[in-house]
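Comments concern the structure below.
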Amino acid sequence: MSHALFTSPPPTNTTTTTIPFTFSPSTRLRPSSLLPEQASLLLSQCTTARRLLEIHAAILRSEILHHTVVNFRLQKSYASLGYADKCQILFRRTPDPNVFFWTNAIHAHAIQGLCFIARLLFTEMLSSDATPNGYTLSAALKACRLSFGKVVHGYAIKQSLHTQPYVATALLDMYARGGDVEAARFLFDEMPEQPIVSTTAMITCYAKQGDLAQARQLFDEISQRDSVCWNAMMDGYAQYRKPNEAVNLFRQMLKSDSRPNEVTILAVLSAIAQIGCSSSGKWVHSFIKNKDNRIQLNTKVGNALIDMYYKCGNLEDACLVFDTMKEKDIVVWNTMIAGYAMHGQSQKALELFDMLRFRGLWPTDITFIGVLNACSHAGLVEQGYRFFRLMKVEYKIEPKVEHYGCMVDLLGRAGLVEEAYDLILGMNGIEPDAIMWGSLLASCRLYNKMSLAEKIANHVVSKGYANSGTYVLLSNIYAALGNWEKVTSVRQLMKESGVQKDPGCSAIELGNKVFEFVVGDRSHPKSRKIYAMLDELNAVIKAHGYVPDTDLVLHDLEEAEKEKALKVHSERLAVAFGLISTKPGTEIKIMKNLRVCVDCHNAFKLIAKVTRRKIVVRDRSRFHHFSEGLCSCGDYW
DNA sequence: TTAGGGTTAG
């Protein structure tokens, strides 16, 4: 590697006065030639690690490191470029570091998430000659959880630093991160003025607790909003599955004085992915492409785009973004693998996994969730076991409950229900969770494993894990057997436990709008036409061999009534609405909150055939691409 | 020198 310090010719004139005082970032440095002022200036302009190394070398050759300002600026530069370790080496060699040095070293580690070291440094500082000030406390608090944070709080009060706005906000933020809303709110109310930074910290605090109403109230009270507070509120909505509110806020923000930045884009793309509204996603993509908006298509933004596209059903667009990204970190690969898995393209997902290993990237626990999920959707039991072992043996990743969950899903879907059950029983030190039991229960339902299902259900109910899904699955199992007495008792149990069944809800995107339907929905203005279309569809697909699978219907109804109940499943309504609202041949895309039922799956294959349409359905676990009487999942899901 | 917002998942 060529290096400016070693390739430039020796200076003809050794006096430093000949060195120009203004440097561009590319100015080559001459050896043994820097004055302290010049070094400080260079360091303040330095933005890359390579340049910093050059300057560091020049400082050493110029023998000016003992100069306090030079030494401090050098440590600060390493800190701001994320090199906490280098910063610490220099710090340890600094005789009698003053409060600036201590604060910088603590801050350097805190922002890199090296919280333990940051806290150690702070403790060490307390027994040194330097005394922490407000700056130091703000830096240290970033590295604190509640327990140690309270100690710092005590120290702040003792030194009367707790009322300084920066310290108070850092304290507020510390309590907020620890989930102590009351303490955070107390500090907030105690502030004589509530700067926007503190208000935003408070908004984030509420949002993290899911108290979006309180967060919104504070947000609405801000008179001069900046980008950060918009982002905090938007992300709160996105995280708490209120994607429509997040997108609405984004629209308002565009009309305001604040400009969206990278964080805004990440939040709004996450919201759009949840809605599944690809036209909005494409709009945001073009917003990013527009240079005037100054959004860099870096790994995070690229990743959010891939995530959004595949969740909106546009796997091709997701691949296009993936292929054109110059720099891809492991997160980006993880997302693309998850995307292929969710669309049932398991082979592609596994190829991608091989490719990332070939490139020398180190898979993470999340990579393996994608890979195992891919195996699960394709019934690749042997492969799944192989990856499960590979993860432990080669990559030293201890499987978490999520990985076991994938394996249980994989085995259960493949009909190896008892094997899946044994796997759960054999988990060492890992407590099975509700999702895992739910998955196994679903497999029991699929393969009619009654006694195991009952055993699991009793266990789940007694452990208090039961959610609406558990009860619904159990009652479905009894309903399939025609045991209506048990169905009634499960429904009674469900009522007593206060658990409510999530109503099935499907959304369809038409033009730039998203229309939602719940089961038996009659609220749409075109309701009459929708139901007429449903009747017509039912008649036609029956002629093509459709037999309603009434096993799943909960209620103890006559056959004709059961058929009626199936016909009004939300996804059916959405398809009917799509058919009457679009030109022949247009692809129909539907997003459902729950898993699509067997009966709707059968119906959709035939609807796609008779209407010669492609129908794409995103359900809770994957995508189904229906076309010409078949589904991309091969009826395995 | 200092405080607030952020990517992937069964």
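In the text below, chain A, chain B and the rest are named by the order of the sequence lines, each starting its count at 1. This one's a predicted model, so the numbers in the text were calculated from it and none came from an experiment.
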Sugar-phosphate, base or nothing in reach of A:Gln75, heavy atoms under 4.0 Å: nothing
Residue pairs, two or more places apart or on separate chains, that pass salt bridge (charged side-chain N to carboxylate O under 4.0 Å, His left out) and touch residues 166-185 of chain A: A:Asp173-A:Arg177, A:Arg185-A:Asp189
Other residues, nucleotides, ligands: >12 heavy atoms within 6.0 Å of A:Glu221 CD: yes
Within residues 179-189 of chain A: residues closer than 4.0 Å to DNA chain B (heavy atoms): none
Sugar-phosphate only, base, or nothing, as touched by A:Phe219 at under 4.0 Å among non-hydrogen atoms: nothing
Residues in contact with DNA chain B, drawn from residues 257-274 of chain A - heavy-atom cutoff 4.0 Å: A:Asn261, A:Glu262, A:Val263, A:Leu266
Touch class at under 4.0 angstrom, heavy-atom based, for A:Lys76 against every strand present: sugar-phosphate
Sugar-phosphate, base or nothing in reach of A:Val408, heavy atoms under 4.0 Å: nothing
Touch class at under 4.0 angstrom, heavy-atom based, for A:Asn373 against every strand present: sugar-phosphate
Touch class at under 4.0 angstrom, heavy-atom based, for A:Thr103 against every strand present: base
Ring centers of A:Trp230, A:Phe219 separated by less than 6.0 Å: yes
Range on DNA chain B touched by chain A, heavy atoms, distance below 4.0 Å: B:dT1 to B:dG10
Residue pairs fulfilling salt bridge (charged side-chain N to carboxylate O under 4.0 Å, His left out) with at least one residue in residues 317-331 of chain A, sequence neighbours excluded: A:Lys282-A:Asp317
Within residues 148-173 of chain A: residues closer than 4.0 Å to DNA chain B (heavy atoms): A:Pro165, A:Tyr166, A:Thr169, A:Asp173
Sugar-phosphate only, base, or nothing, as touched by A:His403 at under 4.0 Å among non-hydrogen atoms: nothing
Pairs involving residues 148-161 of chain A, ordered by first then second residue, that meet side chain to side chain donor-acceptor pair (under 3.5 Å) (sequence neighbours left out): A:His153-A:Tyr175
Sugar-phosphate only, base, or nothing, as touched by A:Lys311 at under 4.0 Å among non-hydrogen atoms: sugar-phosphate
Salt bridge (charged side-chain N to carboxylate O under 4.0 Å, His left out) contacts touching residues 256-278 of chain A (sequence neighbours left out): none
Neighbour count above 12 (heavy atom, 6.0 Å) for A:Tyr395 OH: yes
Test of ring centre spacing under 6.0 Å for A:Phe368 and A:Phe388: no
Non-hydrogen side-chain atoms of A:Val321 and A:His285 separated by less than 4.5 Å: yes
Could you list the donor-acceptor pairs under 3.5 angstrom formed by side chains in residues 423-430 of chain A, with sequence neighbours left out?
none

Donor + acceptor pair across side chains of A:Asn261, A:Thr264 (<3.5 Å): yes
Test of ring centre spacing under 6.0 Å for A:Phe353 and A:Trp333: no
Contacts of type ring-ring contact (aromatic ring centres under 6.0 Å, His included), residue A:Tyr240, not counting sequence neighbours: none
Residue-level proximity of residues 363-372 of chain A to DNA chain B when a heavy atom falls under 4.0 Å: A:Ile366, A:Ile369
Any side-chain donor near an acceptor of the partner, A:Asp307 and A:Thr335, under 3.5 Å: no
Enclosure of A:Tyr83 OH (heavy-atom neighbours >12, cutoff 6.0 Å): no
Any residue meeting salt bridge (charged side-chain N to carboxylate O under 4.0 Å, His left out) with A:Arg241, in chain and number order, not counting sequence neighbours: none
